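Residue numbers start from 1 in every chain, and the chains themselves are labelled A, B, ... in the order their sequence lines are given, proteins ahead of strands. Owing to the predicted nature of the structure, the values given are computational and were not obtained by experimental measurement.
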Amino acid sequence: MRKPANHLSIDTLTEDASLALLRRGRAEAEALFLSIGEGAIVTDNHGNISRINNIALQLLGYSTRELVGKWYPEAIVAEDESGNLIPNMERPNLEVFLTGKPVFDKVKYLRKDGTKMSVAVTVSPILLNNSPIGAIEVFRDITSEVELENAKDEFISIASHELRTPATIVKQYLSMVMGGYAGSLTEDQLVMLTTAFENNERQLNIINDLLRVARAEANAVKIIKEDVDLVLLVDEIIKDFNDKFNAAQQQVTYIHNVESAIYSADPVHLRMVLENLLSNANKYTPDKGKIAIKLTQTKTKIKVSVKDTGVGISKRDIPKLFYKFSRINNPLTTTAGGSGLGLYWVKKLVMLHGAEIKVSSAPKKGSTFTVIFNRTNEKTGSGHQAGILNPGQ
Amino acid sequence: MAQDSIYTQAVEISEEYLGPAGERFLRRQIDTHLGIVPESLKKNHLPKLTKWTELAFALLTNDYHEVSSYTSNLLSLGVSKPVSDEKTR
């Protein structure tokens, strides 16, 4: 049995050890916070700034005294890309408590001197025993990156416009010569002019791709929606591609589980999406390969998938597919041509329709591209009436 | 007369403080933090829910009394009230 004195000393020692551990933990946390190479702001349970590191102070142009203890939404003013104030309800620091997960965003912060900087922000909740007690935000200045990206987009836009005019004139004159407006042609001359015409056409397609991307980057793509029957649209596009499929002796099948699938979309842009997927399937599937197109409608979604037995894509390359100017190395890349903008454009358009695109693929086994349209607030086809779903669900 | 569900009452309280955004504000947090269908909200869920709503609401207003009042009102839901003279027959 322990003596009371010993008992007390053990308790005291435990308390000391706990305190030492606590102090050590705090010192480590302090060192960690101060050594973060980006701006860091901690907010407490009242939404007030409780800590801020030197990098954040330098970036924002304030002193510690000017920010610590201040209510975060008032102290750190955020704007969107267009220069509009972001409502508190939409700021990442609030979103983090609505989702309970780290939130990433790109916004503009107003410095003390009134200038603005683009920042990439990550906010995480601070949890104690699974309960939130505040949030920590880490941000970095991406103004130069954003400016560079904008300059690049502007260059693409201007260059494309300047390139399109002469290329279009070349096309017109080639057509006239090939049409016999400058006299009759020999067979050799016609073959050479046809090659020139086809390559000019290819050049124009690339220029048009560039222009489309420039418009997308400038958020200048307008989606004008109307009811589109996806079953019919896919059928029309397959018919348009028949010559190309036949030339490659590719076996094409199309199955759909409904007679019509009505979706509110921009028919011109939606056609571009599906044409691009079919064109890729045609280009990247060797001769005599198989292409299976499938449309499935459920209560909540319409899925259109294009599956091929083509060259396929490695797991490592799949994320690159939707980047601008990305070209995946495979045996058909060179012969297939293209600007590396097609799938980037497809993804932009799919997102503008509130849909998503998924890819599954393996080298030499083929690829499946699936566009998934959410039927929230959509009418069903085939005369069936589905309930209108709440957008929040 | 049957009493409104805890969820309906919580929405009413949220809308008092947040206007029409109240339901979405509440619904997202019930969905995320409790992982339940909002309509099945029960009294025992409220302590955990209010810990999150309190911090989120504190970023919408810097009036802490307002935040505190919202949280208390949510927490008081589901507490039995005296039976009124309008009994269910």
Side-chain angles (χ1 to χ4, degrees), chain A residues 41-51 67-78 85-103 105 107 109 121 123-137 139 376-377 387 389-393, chain B residues 5-8 10-75:
Chain A
I41 302 174
V42 178
T43 48
D44 63 17
N45 59 329
H46 294 183
N48 294 329
I49 296 172
S50 54
R51 300 191 73 187
L67 289 180
V68 170
K70 298 287 186 320
W71 190 50
Y72 174 88
E74 266 177 6
I76 312 293
V77 179
L85 273 181
I86 300 175
N88 291 349
M89 189 65 109
E90 289 167 22
R91 291 188 64 170
N93 295 65
L94 176 61
E95 186 71 14
V96 82
F97 295 121
L98 300 183
T99 62
K101 291 174 188 164
V103 175
D105 205 354
V107 296
Y109 277 168
V121 181
V123 191
S124 304
I126 303 172
L127 303 175
L128 183 66
N129 299 326
N130 282 327
S131 285
I133 55 167
I136 180 163
E137 167 185 328
F139 67 94
T376 304
N377 282 344
L389 300 169
N390 184 328
Q393 285 175 329
Chain B
S5 70
I6 298 270
Y7 174 67
T8 309
V11 169
E12 278 171 19
I13 290 171
S14 301
E15 286 178 345
E16 270 178 42
Y17 290 86
L18 288 151
E23 180 167 14
R24 185 166 160 73
F25 177 82
L26 192 70
R27 203 176 179 91
R28 286 189 69 190
Q29 290 178 89
I30 295 171
D31 189 39
T32 308
H33 305 307
L34 303 176
I36 57 164
V37 176
E39 285 74 11
S40 63
L41 183 70
K42 290 190 171 61
K43 187 180 182 312
N44 62 330
H45 292 130
L46 294 172
K48 184 177 179 184
L49 176 67
T50 50
K51 281 182 178 150
W52 288 95
T53 53
E54 182 183 16
L55 269 80
F57 191 43
L59 286 163
L60 291 172
T61 172
N62 58 357
D63 181 349
Y64 194 66
H65 295 296
E66 185 88 344
V67 178
S68 181
S69 157
Y70 173 56
T71 307
S72 312
N73 281 336
L74 279 182
L75 275 171

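- Note on A:Lys101 versus A:Glu95: no salt bridge recorded, every NZ/NE/NH1/NH2 to OD/OE distance being 4.0 Å or above.
- For the set A:Gly47, A:Pro132, A:Gly134, A:Pro73, the count of heavy-atom pairs under 4.5 angstrom toward chain B peaks at A:Pro132.
- Side chain to side chain, A:Glu137 and A:Asn93 meet the donor-acceptor criterion of an N or O pair below 3.5 Å.
- Most heavy-atom pairs under 4.5 Å with chain A: of the set B:Asp31, B:Leu59, B:Leu18, this distinction falls to B:Leu59.
- Looking at B:Thr53, neither its backbone nor its side chain comes within 4.5 Å of chain A, counting heavy atoms on both sides.
- Each of B:Glu12, B:His45, B:Arg27 was checked for a side chain to side chain contact (heavy atoms under 4.5 Å, CB included) with B:Tyr7, and the lone residue meeting it is B:Arg27.
- Of the inter-residue distances, the one linking B:Ser14 atom OG with B:Arg24 atom CZ reads 14.0 Å to the nearest 0.5 angstrom.
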